[in-house]
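These notes are about the structure you will find just below.
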Amino acid sequence: MAETKQIKIKLVKSLIGCSEAQRRVAKALGLSKTNQVVEHYNSATIMGMVNKISHLLEVQE
């Protein structure tokens, strides 16, 4: 199942200058500092959040 697979999400660009909505998405993913890496299960919810701020992130399968 795809839901059990973990993905690593890294914040590669700063949140300075981003909209408040984008900051909230990053916070909900658990990202607060540049170059911080978090692991989440590959679900539709998480991937939707990643797509919202994809220009700030780097995703590893």
Side-chain angles (χ1 to χ4, degrees):
M1 275 173 110
E3 288 79 30
T4 59
K5 189 173 182 186
Q6 290 259 345
I7 57 170
K8 290 184 181 180
I9 304 168
K10 181 177 183 180
L11 185 64
V12 292
K13 289 194 177 177
S14 173
L15 295 172
I16 295 172
C18 291
S19 69
E20 188 60 35
Q22 290 173 339
R23 289 175 199 251
R24 284 194 203 124
V25 171
K27 178 103 171 158
L29 283 170
L31 297 164
S32 58
K33 298 179 180 179
T34 309
N35 292 323
Q36 185 178 7
V37 178
V38 294
E39 287 191 14
H40 285 286
Y41 287 109
N42 189 3
S43 67
T45 306
I46 296 298
M47 292 314 292
M49 294 167 77
V50 167
N51 287 336
K52 285 279 189 184
I53 57 171
S54 61
H55 59 287
L56 305 172
L57 303 176
E58 190 177 274
V59 179
Q60 297 174 357
E61 297 292 321

- Query: Donor-acceptor pair, His40 side chain versus Ile9 backbone, under 3.5 Å?
  - Reply: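 Not confirmed, His40 side chain does not pair with Ile9 backbone.
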
- How would you list, by chain and number, every residue that makes a side-chain contact (heavy atoms from CB on, under 4.5 Å) with Glu39, sequence neighbours excluded?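 Partners of Glu39 under the side-chain contact (heavy atoms from CB on, under 4.5 Å) test: Gln6, Lys8.
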
- Message: Once side-chain contact (heavy atoms from CB on, under 4.5 Å) is applied, do any residues pair with Gln22, and if so which ones, sequence neighbours excluded?
- Response: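 Gln22: side-chain contact (heavy atoms from CB on, under 4.5 Å) contacts with Cys18, Ser19, Ile53, His55.
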
- Note on the structure: For Val37, the other hydrophobic cluster members (4.5 Å side-chain criterion, sorted by chain and number) are none

Considering only heavy atoms from C-beta outward, does the side chain of [X] approach that of [Y] to under 4.5 Å?
{"X": "Lys10", "Y": "Gln60", "result": "no"}
{"X": "Arg23", "Y": "Glu20", "result": "yes"}
{"X": "Leu31", "Y": "Leu57", "result": "yes"}
{"X": "Asn42", "Y": "Glu61", "result": "yes"}

- Following the transitive rule for hydrophobic clusters with a side-chain heavy-atom cut-off under 4.5 Å over Ile, Leu, Val, Met, Phe, Trp and Tyr, establish whether Tyr41 and Val59 coincide in one cluster.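 Shared cluster, no.
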
- Are Val38 and Val25 connected in a single hydrophobic cluster, I mean Ile/Leu/Val/Met/Phe/Trp/Tyr linked by side-chain heavy atoms less than 4.5 Å apart? yes

- For Leu56 and Ser14 the tightest heavy-atom approach is CD2-O, 4.0 Å

- With sequence neighbours excluded, what pairs up with Gln36 under the side-chain hydrogen bond (donor to acceptor under 3.5 Å, both in side chains) test? Ser32

